[in-house]
Amino acid sequence: MAVQEELRPLVDLAGPGPSAPATVAGLDVAYAEGGDLLAAAVTVLDARTLAVVDSAVGVGRPAFGYVPGLFAFRELPALLAALDRLTTTPDLLVCDGHGLAHPRRFGLACHLGVITGLPAIGVAKTPLVGVWDQPSAERGSWSSLRDGGEVVGRVLRTRDGVKPVFVSVGHRMSLENATAQVLALTPRYRLPETTRTADRLCRDALAEAEQARWLAGQSGHQEVGRRSRKP
DNA sequence: GCGACAG
DNA sequence: ATCTTGTCGC
């Protein structure tokens with residue numbers, strides 16, 4: 001929590017950010033039942049075609065328990081490790097969670113942005129803080145997300161008649177530009193293509209890891225057939 | 001004090 | 001986040 005207060009001033013809220021990024025990255029994490037295993041994924045898409053041009057995944061252990069508001073500490077290590085494995089540097093990070101729409105104005109998107117130095121925004125499926133009016137039903141309509149008298153994000157409708165998403169600035173991006181980028185990433189579904197591709201990737205990686213762990217448990221890390229042999 | 005609470 | 005049955009629609 002002190003770390004968030006310390007890094008918060010480093011968030012760059014000046015420029016509008018890239019208006020036409022060439023590549024956009026999606027980041028997401030999947031958890032196993034017991035909560036002792038996770039898979040983090042980053043997918044980089046061509047901003048124009050939305051095709052995946054690079055990606056990285058990694059499995060590991062949660063670095064922290066889940067505590068609303070301290071969420072970043074849980075996923076950050078695994079996500080940073082995945083980012084390091086990319087062969088390209090994306091022009092924008094689209095995080096699965098909030099940016100400024102956070103109790104201390106320093107959500108996961110801000111944290112990732114400050115640490116990597118890259119423009120970042122947060123796109124969350126549910127609110128964490130703030131109040132808002134329901135945006136109208138058409139895709140593209142939005143309303144301000146306000147908390148403590150200040151605008152911390154937008155409630156954006158990405159599909160006609162579908163539950164809106166919560167968009168907030170993370171680092172080096174304006175709220176206006178963040179909104180435009182999210183709309184560009186949602187030509188068909190409620191969630192950005194970046195989030196969807198990263199979600200699929202980490203889920204698959206987690207399933208593989210769980211299967212591997214299960215197989216290891218069956219053989220007890222010994223040669224197959226060894227334990228069925230009589231002493 | 002009580003409830004709410006990104007993933 | 002994850003679990004989980006049926007349901008509605010392209």
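Quick note: numbers below take in every heavy atom, side chains included, and nothing from hydrogens, waters or symmetry partners. We name chains A, B, ... by the order of the sequence lines, and we start the count at 1 in each one.
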Peer 1: Looking at every strand, decide which applies to A:Pro127 at a 4.0 Å heavy-atom threshold: base, sugar-phosphate, or nothing.
Peer 2: sugar-phosphate
Peer 1: Scan A:Ala32 against the nucleic acid and name what it touches under 4.0 Å (heavy atoms): base, sugar-phosphate only, or nothing.
Peer 2: nothing
Peer 1: Between A:Asp28 and A:Arg196, is the closest basic N to carboxylate O distance under 4.0 Å?
Peer 2: no
Peer 1: Is it true that A:Arg188 and A:Glu193 have a side-chain N and a carboxylate O under 4.0 angstrom from each other?
Peer 2: no
Peer 1: To the nearest Å, how far apart are A:Leu128 CG and C:dA1 C1'?
Peer 2: 15 Å
Peer 1: List the residues meeting ring-ring contact (aromatic ring centres under 6.0 Å, His included) with A:Trp132, not counting sequence neighbours, and say none if there are none.
Peer 2: A:Phe166
Peer 1: Would you say the side chain of A:Asp46 lies within less than 4.5 Å of the side chain of A:Thr23, judging by non-hydrogen atoms?
Peer 2: no
Peer 1: Reading DNA chain B 5' to 3', which nucleotide is the first, and which the last, to come under 4.0 Å of any heavy atom in chain A?
Peer 2: B:dC5 to B:dG7
Peer 1: What's the CZ-P distance between A:Arg188 and C:dG9, to the nearest Å?
Peer 2: 17 Å
Peer 1: When all nucleic acid strands are considered with a 4.0 Å heavy-atom cut-off, which category describes A:Leu108: base, sugar-phosphate, or nothing?
Peer 2: base
Peer 1: Whole angstrom is fine here: how far is it from CZ in A:Phe64 over to C1' in C:dA1?
Peer 2: 17 Å
Peer 1: Do A:Leu93 and A:Ile121 have side chains that get closer than 4.5 Å, going by heavy atoms?
Peer 2: no
Peer 1: Expressed in angstrom and rounded to an integer, what is the separation of A:Asp28 atom CG from C:dT2 atom C1'?
Peer 2: 13 Å
Peer 1: Describe the nucleic acid contact of A:Tyr31 in one word from base, sugar-phosphate, nothing, applying a heavy-atom distance below 4.0 Å.
Peer 2: sugar-phosphate
Peer 1: Using a strict 4.0 Å threshold on nitrogen-to-oxygen distance, state whether A:Asp204 and A:Arg200 make a salt bridge.
Peer 2: no
Peer 1: Contact class for A:Gly69 (heavy atom, under 4.0 Å): base, sugar-phosphate, or nothing?
Peer 2: base
